[in-house]
Number of protein chains: 2
Amino acid sequence: MTLDAVAREAGVSPATASRALNGTTRVRDDLRERVRAAAERLDYIPNAHAQALANSTNNRTVGVICHDVSDPYFAAVSSGVMRAAAEQDLLVMLASTFREPAREIAYVSMLRAQRARAILLIGSGFQDRAWERALDAELEPYVRGGGRVAVVSRHRSLRVDTVQPENRAGAAALARTLVGLGHRTFAVLTGPPALTTVSDRLTGFREGLADSGIGLDRVVEGAFTRDGGYAAARRLLACGRPRPTCVFAVTDVMAVGALAALREEGLRVPEDVSLAGFDDIPLVRELSPALTTVALPLTSMGEDVIALALREPSAGRRARVVRVAGEVVVRASTGTPPVG
Amino acid sequence: MTLDAVAREAGVSPATASRALNGTTRVRDDLRERVRAAAERLDYIPNAHAQALANSTNNRTVGVICHDVSDPYFAAVSSGVMRAAAEQDLLVMLASTFREPAREIAYVSMLRAQRARAILLIGSGFQDRAWERALDAELEPYVRGGGRVAVVSRHRSLRVDTVQPENRAGAAALARTLVGLGHRTFAVLTGPPALTTVSDRLTGFREGLADSGIGLDRVVEGAFTRDGGYAAARRLLACGRPRPTCVFAVTDVMAVGALAALREEGLRVPEDVSLAGFDDIPLVRELSPALTTVALPLTSMGEDVIALALREPSAGRRARVVRVAGEVVVRASTGTPPVG
DNA sequence: GCGCTTTCAGAAAGCGCTTTCTGATAAGGT
DNA sequence: ACCTTATCAGAAAGCGCTTTCTGAAAGCGC
């Protein structure tokens with residue numbers, strides 16, 4: 001079913017049919033009605049590709065690239081993006097890179113080919129220098145051609161609009177809270193240090209401890225996943241050194257793994273060791289003990305990032321940054337340190 | 001950057017440039033190389049819309065419609081779809097309906113407009129009769145026009161390729177297992193009964209109990225969400241009747257809510273009451289007690305459903321059904337019933 | 001009633017690509 | 001040497017839409 005068929009059925013020109021359907025220009029009422037009826041009758045659906053080709057400015061799709069939709073963090077942020085997109089009749093193309101840099105580049109390229117109105121990058125980037133350059137090489141011409149890009153907590157090399165959680169301040173506040181509980185020896189389970197998210201949270205946590213003159217006992221690195229957290233926690237426990245009274249995993253997802261590892265070692269949380277995370281993904285409230293964490297408004301961050309991308313570009317070329325505060329939420333996974 | 005520009009730069013016709021880049025027809029090696037080089041130099045990215053318009057058969061996008069990406073069930077299935085799609089260079093457009101029927105129809109329509117190669121519907125439909133008809137009215141012409149549709153555990157009215165978890169058999173097996181543990185009084189927390197998923201699991205559970213001559217004590221209905229499970233569990237406990245020794249929530253997501261409700265009532269799981277779910281979403285392993293459930297291979301179901309949609313349509317018009325077995329996984333949330 | 005602006009429908013020119021179709025050139029057969 | 005058969009590049013015709021541009025009809029003041 002093409003527009004031509006509709007026009008013929010309604011006894012008007014394709015031009016008029018187009019105008020009647022889109023309401024771009026005034027069309028006599030009776031004609032408009034006739035076209036509407038004809039379209040209905042023929043079950044006409046405009047070809048979005050033809051529309052996009054003819055009128056390149058009116059694009060209804062936005063692309064979202066994240067590492068893995070099945071990670072609750074990305075799922076929550078994506079959900080916010082989708083809610084906002086739905087309200088504006090936008091279609092979201094969601095891609096998972098499965099943490100492969102090459103796939104990320106490929107997706108940006110596909111999104112460029114689709115002439116997506118905006119590209120949203122969710123989550124930290126990779127540390128690879130070549131990748132950075134390649135991504136920039138894709139994004140730069142896209143932006144120059146009128147494309148919009150916005151990111152959530154992205155790598156430092158990207159000069160684009162950003163939704164930036166206050167990782168450092170949040171981690172510092174968490175550290176202070178934990179010190180307030182009485183803890184003096186701490187370990188941190190981190191992800192890849194090249195990610196700003198990781199290094200900011202680590203730095204913040206250190207600063208928070210430093211306020212009370214406390215040093216960080218141990219830092220163990222692991223993958224940015226549940227299993228990474230599990231492995232890191234095991235390594236922490238295996239090393240033989242005196243156990244810290246409190247463990248901070250830089251993300252909740254890692255904390256979930258860490259909790260499993262601690263349990264397997266027969267340690268009670270929080271009686272033997274306290275555990276805290278960061279993000280407040282939905283599930284951690286359900287754990288027992290429920291996880292102490294720094295809550296980020298994930299869904300609304302998703303809404304923010306798409307709003308940022310869609311907003312009229314500011315006169316100056318400067319990248320805008322929306323800062324999002326994290327709130328320390330103390331739950332049952334932290335307590336006073338064991339005596340003795 | 002258009003193909004014409006590339007062709008000019010390479011000193012060939014647009015036709016040759018197109019052929020060189022796509023490899024559709026033999027092109028002399030030196031020309032092909034020249035075109036490649038020119039494309040590279042100009043940072044050429046083909047306009048996917050123009051391609052789609054000119055060659056409607058070659059479409060690289062598939063649409064996935066689910067209720068909510070932030071629900072772990074959908075996230076897991078979607079993740080499988082995406083993994084498979086990535087391997088075939090397909091772009092996935094993922095839409096969340098937020099459980100609004102109208103939005104689902106709208107998305108199908110948008111996907112049709114995009115001339116998506118396939119539309120995948122994940123999760124149960126709505127009970128609304130008008131909605132059913134409307135959905136069918138969208139899907140039927142789409143399929144007639146060569147579009148592919150496949151669904152995961154969908155409503156009965158749809159005659160399309162389906163990945164069908166064996167809800168009934170799985171629930172029955174679970175019931176038998178629970179009876180084997182010694183339980184004799186059961187309650188079920190269900191979702192909207194119009195969903196086949198719900199009614200199949202309920203029926204299967206009943207059958208499993210009936211094998212031992214046991215009847216189902218109570219059925220409480222709630223929304224298909226964590227909060228729905230929570231509310232249903234509270235209602236179950238509030239009714240004053242003697243408490244069942246075992247509760248089955250028809251989905252893990254609901255079971256998570258139920259667990260919270262049981263806890264709040266001061267009940268210990270499994271000492272005071274046993275709890276089981278269905279699906280085996282990733283997080284339920286992490287709960288304590290870890291949830292007994294019927295495990296479905298969610299990610300691989302996602303891979304199955306896209307494979308089903310993309311496979312050459314069978315000669316006969318009959319819808320294909322891939323049955324997926326569930327496996328009872330006994331974890332710590334179930335135990336022997338309390339004595340006395 | 002005449003020239004003016006205003007309103008609105010239709011003709012036609014693309015948007016950027018793919019793909020026949022056409023024709024030139026080279027290769028092969030006798 | 002001549003004709004037939006492959007190869008392969010280019011011209012041109014769309015794909016289905018939007019949007020100028022053009023022109024007819026109607027509305028207005030004098």
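Reminder, nothing fancy here: chain letters follow the sequence lines and each chain counts from 1.
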Chemist: Hey, is the main chain of A/Asn59 close enough, under 3.5 Å, to the side chain of A/Arg117 for a donor-acceptor pair?
Modeler: yes

Chemist: Could you report the tightest heavy-atom contact between A/Arg115 and B/Pro46, atom names first, then the distance?
Modeler: NH1-O, 3.7 Å

Chemist: If you define the side chain from C-beta out and look only at heavy atoms, does anything of A/Ile119 sit under 4.5 Å from A/Val108?
Modeler: yes

Chemist: Who pairs with A/Glu9 by side-chain hydrogen bond (donor to acceptor under 3.5 Å, both in side chains), at least two apart in sequence or on another chain?
Modeler: A/Arg41

Chemist: Side chains of A/Arg83 and B/Ser96: does their closest heavy-atom pair fall under 4.5 Å?
Modeler: no

Chemist: Is NZ or CZ of A/Arg103 both nearer than 6.0 Å to the six-membered ring centre of A/Phe98 and within 45° of the ring axis?
Modeler: no

Chemist: So if I take residues 26-34 of chain B and measure heavy-atom distances to DNA chain D, which residues fall below 4.0 Å?
Modeler: B/Arg26, B/Val27, B/Arg28, B/Leu31

Chemist: Could you give the side-chain donor-acceptor pairs of residues 63-73 of chain B under 3.5 Å, partners two or more places apart or in another chain?
Modeler:
unit_1: B/His67; atom_1: ND1; unit_2: B/Thr97; atom_2: OG1; d: 3.0
unit_1: B/His67; atom_1: NE2; unit_2: B/Ser124; atom_2: O; d: 2.9
unit_1: B/Asp68; atom_1: OD1; unit_2: B/Ser70; atom_2: N; d: 2.9
unit_1: B/Asp68; atom_1: OD1; unit_2: B/Ser70; atom_2: OG; d: 2.9
unit_1: B/Asp68; atom_1: OD2; unit_2: B/Ser70; atom_2: OG; d: 3.1
unit_1: B/Asp71; atom_1: OD1; unit_2: B/Tyr73; atom_2: N; d: 2.8

Chemist: For DNA chain D, what dot-bracket results from Watson-Crick or G-U pairs at under 3.5 Å, with [ ] for crossers and | for inter-strand partners?
Modeler: ||||||||||||||||||||||||||||||

Chemist: Between A/Asp29 and A/Arg26, what is the shortest heavy-atom contact and its length?
Modeler: OD1-NH2, 3.3 Å

Chemist: Provide the closest heavy-atom pair for B/Val6 versus B/Ala39 in the form atom of the first, atom of the second, distance.
Modeler: CG1-N, 3.8 Å

Chemist: Mark up nucleotides 13-20 of chain C, 5' to 3', with B wherever a protein heavy atom is under 4.0 angstrom from a base atom, S wherever such an atom reaches only the sugar-phosphate, and - elsewhere.
Modeler: -BBBBBBB

Chemist: Scan for ring-ring contact (aromatic ring centres under 6.0 Å, His included) pairs involving residues 99-121 of chain A, sequence neighbours excluded, and state none if there are none.
Modeler: none

